[in-house]
Amino acid sequence: MVAISKIATGNGHGEDSPYFDGWKAYETNPFHPIDRPDGVIQMGLAENQLCFNFIKKWVMEHPEASLCSAEGVNKFEETALFQDYHGMPEFREAVAKFMGKVRGDRVKFDPDRIVMSGGATGAHEMVAFCLADPGEAFLVPTPYYPGFDRDLRWRTGVELVPVVCESSNNFKITRAALEAAYEKAKEANLRVKGLLITNPSNPLGTILDRDTLKGIVKFINEKNIHLIGDEIYAATVFMEPEFVSISEIIEEVECNRGLIHIVYSLSKDMGFPGFRVGIVYSYNDAVVSCARKMSSFGLVSSQTQHLIATMLSDDDFVDSFIVESKEQLFKRHKYFTLSLSQVGIGSLKSNAGLFIWMDLRKLLKEKTFDAEMDLWRVIINEVKLNVSPGSSFHCDEPGWFRVCFANMDDNTMEVALLRITTFMHKHNEAMVPRKLCRRASLKLSLSRRRDDFMSQNMMSPHSPIPQSPLVRART
């Protein structure tokens, strides 16, 4: 047998984990309301589908944005030919402007520091290649996105050292936790090159407050290590307090800006993961230069750049989209968490993201990760919901699960909630009134609850748009 590489034969991708196993269960038996009503519902995908109708309307009204239309075909040849890996100037300018708008125009971004990549996955790997050599390490607060083990480690040889955050203080990042992780890395003879933070957090759906961010900047400056701010969920903050970017903090405190780097994309904020628009924004000239050369391996197609540049240059659309997206996320989050609470399921208080951090600790047979996996298998195989166990996010405490709420239509969400309600009643009758035992009664109850919620929170054709506290504060 001919030998192949260690990368090809190894498990560096991390696909053998409950996070990806849940996806496989969905892919082999996907839910469909007619064809597969008993299939697995995908609640492990952090995707924003709540504003597609709003976006489709813009696309229909601006056919010139597409190169494959009569209105846009005159740009076809120009765009189809070779494009410099710096990216189209109008694309970089539009993305830089959008990043500023998402942050309330409290900070400006330089288009010349925008480096494009094939999604946030490529952007993270690009940063890792720029900042660290094989065998060096990044600190990462837990719980964190399982894909980081692939994105930052698989091909770069970089190590990740968990910064253990605990539920007792709502998983906040503390100086003590950072110091403990830093010392643990030193004891393992790992040179720490940086700290990666996700703000807003995936999977927590929380944001980092200004004081915490200032403390983080102080920490990385004292240690002389890099700070990577993953801000791909910046526009998903749907309720106060407002999102604070690391780009704002460095305007307020003394720091070495050459240590600061931001990863961004349009996958989550706009719901465009298929477009593979990833961004590295660095305050370090050498990193910008190197990353731009590396972007040759994962460019955004010129057709996509053209469409995005046209769309994001429309100020009226962008302003309306930001408000609309927050409103839709606010309503869905409120309804989903209320529905869970009514059957005795709690979650971490959150105000951002496309998911909630669901607390099922009381359903564990014992406080172990083996018990968490047993519960997860029941949820996947019997309840037929793909939710992600906390252990796959490196959570230090068993019983937490990430459940995504924005990647489905209302009817699919109702089926998912019905399954959850039935499951909770089966395992603990005290949590649900007896009259809900029968499936028909459960469905009727869910329908009534949704109707009540709609009448209180949703808009009628003649009513003003309801606003979340965050949007009210801005308008």
Side-chain angles (χ1 to χ4, degrees), residues 102-104 106-107 124 127 131-132 136-145 148 152 159-187 190-234 236-237 239-264 281-284 287 348-353 357 393-397:
V102 165
R103 290 153 183 80
R106 295 182 297 274
V107 64
H124 273 293
V127 171
L131 302 184
E136 296 180 331
F138 291 111
L139 306 181
V140 190
T142 65
Y144 65 78
Y145 168 55
F148 284 157
L152 283 91
E159 299 293 333
L160 300 184
V161 178
V163 178
V164 178
C165 302
E166 301 173 340
S167 64
S168 58
N169 71 341
N170 296 321
F171 299 99
K172 290 183 178 180
I173 303 172
T174 65
R175 177 66 185 238
L178 291 170
E179 291 286 1
Y182 189 83
E183 289 303 315
K184 184 177 180 179
K186 286 176 60 178
E187 291 169 5
L190 290 173
R191 183 185 180 192
V192 177
K193 292 300 294 288
L195 167 66
L196 167 63
I197 59 173
T198 307
N199 182 34
S201 168
N202 174 14
L204 301 178
T206 56
I207 62 172
L208 297 177
D209 62 74
R210 195 173 296 273
D211 288 342
T212 298
L213 286 168
K214 288 181 178 179
I216 287 171
V217 170
K218 181 179 180 181
F219 173 81
I220 63 105
N221 268 280
E222 289 176 2
K223 304 297 185 186
N224 194 34
I225 61 175
H226 294 275
L227 176 61
I228 307 167
D230 180 323
E231 299 186 351
I232 69 172
Y233 290 95
T236 70
V237 181
M239 194 165 55
E240 291 181 329
E242 286 188 323
F243 170 69
V244 180
S245 170
I246 197 66
S247 57
E248 297 175 55
I249 298 301
I250 64 174
E251 298 284 346
E252 302 172 7
V253 299
E254 289 284 334
C255 73
N256 176 2
R257 292 196 175 197
L259 298 175
I260 307 298
H261 322 276
I262 295 172
V263 169
Y264 188 58
Y281 188 93
S282 176
Y283 292 86
N284 185 307
V287 170
L348 186 71
K349 184 178 180 181
S350 59
N351 70 324
W357 194 231
F393 292 83
H394 300 271
C395 185
D396 199 48
E397 182 180 3

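- Atom CG of Asn170 sits about 11.5 Å away from atom SG of Cys165, to the nearest 0.5 Å.
- For the atom pair CD (Glu166) and SG (Cys395), the distance works out to 10.0 Å, reported to the nearest 0.5 Å.
- Judged by distance alone, with hydrogens and angles left aside, the side-chain atoms of Ser201 form no donor-acceptor pair with the main-chain N or O of Ile207 at under 3.5 Å.
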Test log, rule side chain to side chain contact (heavy atoms under 4.5 Å, CB included), inputs Asn202 and Ile232
CA-CA 10 Å; Asn202 174 14; Ile232 69 172; over 6 Å; no
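- Annotation: the span from Ser282 atom OG to Arg257 atom CZ amounts to 12.0 Å, rounded to 0.5 Å.
- Closest of all the heavy-atom pairs between Thr236 and Gly353 is OG1-N, 2.8 Å.
- Between the side chain of Asn256 and the backbone N or O of Asn221, no donor-acceptor pair lies under 3.5 Å.
- In this structure, Thr198 and Tyr145 have side chains that are not in contact, with every pair of non-hydrogen atoms separated by 4.5 Å or more.
- Annotation for Glu254: atom CD does not count as buried by contact number, only 12 or fewer foreign heavy atoms lying within 6.0 Å.
- Within the 4.5 Å cutoff, no side-chain heavy atoms of Val161 are placed close to those of Tyr182.
- You'll find the side chain of Tyr283 reaches within 4.5 Å of the side chain of Ser247, heavy atoms only.
- The environment of Lys223 atom NZ is dense: over 12 non-hydrogen atoms of other residues, nucleotides or ligands sit within 6.0 angstrom.
- Within a 6.0 Å radius of NZ in Lys184, no more than 12 heavy atoms belonging to other residues, nucleotides or ligands are found.
- Environment of CZ in Arg175: crowded, with over 12 heavy atoms of neighbouring residues, nucleotides or ligands closer than 6.0 Å.
- In this structure, CG in Asn351 is found 10.5 Å from CD in Glu242, a value given to the nearest 0.5 Å.
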Residue pair Phe148, Phe138: steps toward the side chain to side chain contact (heavy atoms under 4.5 Å, CB included) verdict:
CA-CA 11 Å; Phe148 284 157; Phe138 291 111; over 6 Å; no
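- The CZ atom of Phe219 lies 10.5 Å from the OG1 atom of Thr174; values are rounded to the nearest 0.5 Å.
- Counting heavy atoms from C-beta outward, Arg106 and Glu251 have side chains that stay 4.5 Å or more apart.
- Side-chain atoms of Asp396 do not come within 3.5 Å of backbone N or O of Val164 as any donor-acceptor pair.
- Inter-residue side-chain proximity for Asn284 and His261 is flagged as met; some heavy-atom pair is nearer than 4.5 Å.
- Remark: Arg103 qualifies as a cation-pi partner of Tyr264 under the 6.0 Å distance and 45° angle criteria applied to the six-membered ring.
- Within the 4.5 Å cutoff, side-chain heavy atoms of Ile246 are placed close to those of Val217.
- Considering every non-hydrogen atom in both His226 and Ile220, the closest pair reads O-CG2, 4.2 Å.
- Taking the six-membered ring for Trp and thresholds of 30 and 60 degrees, Tyr144 and His394 have nearly parallel ring planes, at less than 30 degrees apart.
- Looking at heavy atoms from C-beta onward, Ser350 lies out of side-chain contact with Leu204 at the 4.5 angstrom threshold.
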Could you walk me through whether Leu227 and Leu259 pass the side chain to side chain contact (heavy atoms under 4.5 Å, CB included) test, one step at a time?
CA-CA 6 Å; Leu227 176 61; Leu259 298 175; 5.7 Å; no
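- Under the 3.5 Å distance criterion, the side-chain polar atoms of Asp230 are left unmatched by any main-chain donor or acceptor of Leu196.
- Between the CG atom in Asn199 and the CD1 atom in Ile216 there is a gap of 8.0 Å [rounded to 0.5 Å].
- Heavy atoms only, all atoms of each residue included: Val237 and Ala234 are closest at CG2-O, 3.7 Å.
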Working note: Arg210 + Ile249, criterion side chain to side chain contact (heavy atoms under 4.5 Å, CB included); need CA distance, chi angles, decisive distance, verdict.
CA-CA 7 Å; Arg210 195 173 296 273; Ile249 298 301; 3.6 Å; yes
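- You'll find the side chain of Glu159 stays beyond 4.5 Å of the side chain of Lys193, heavy atoms only.
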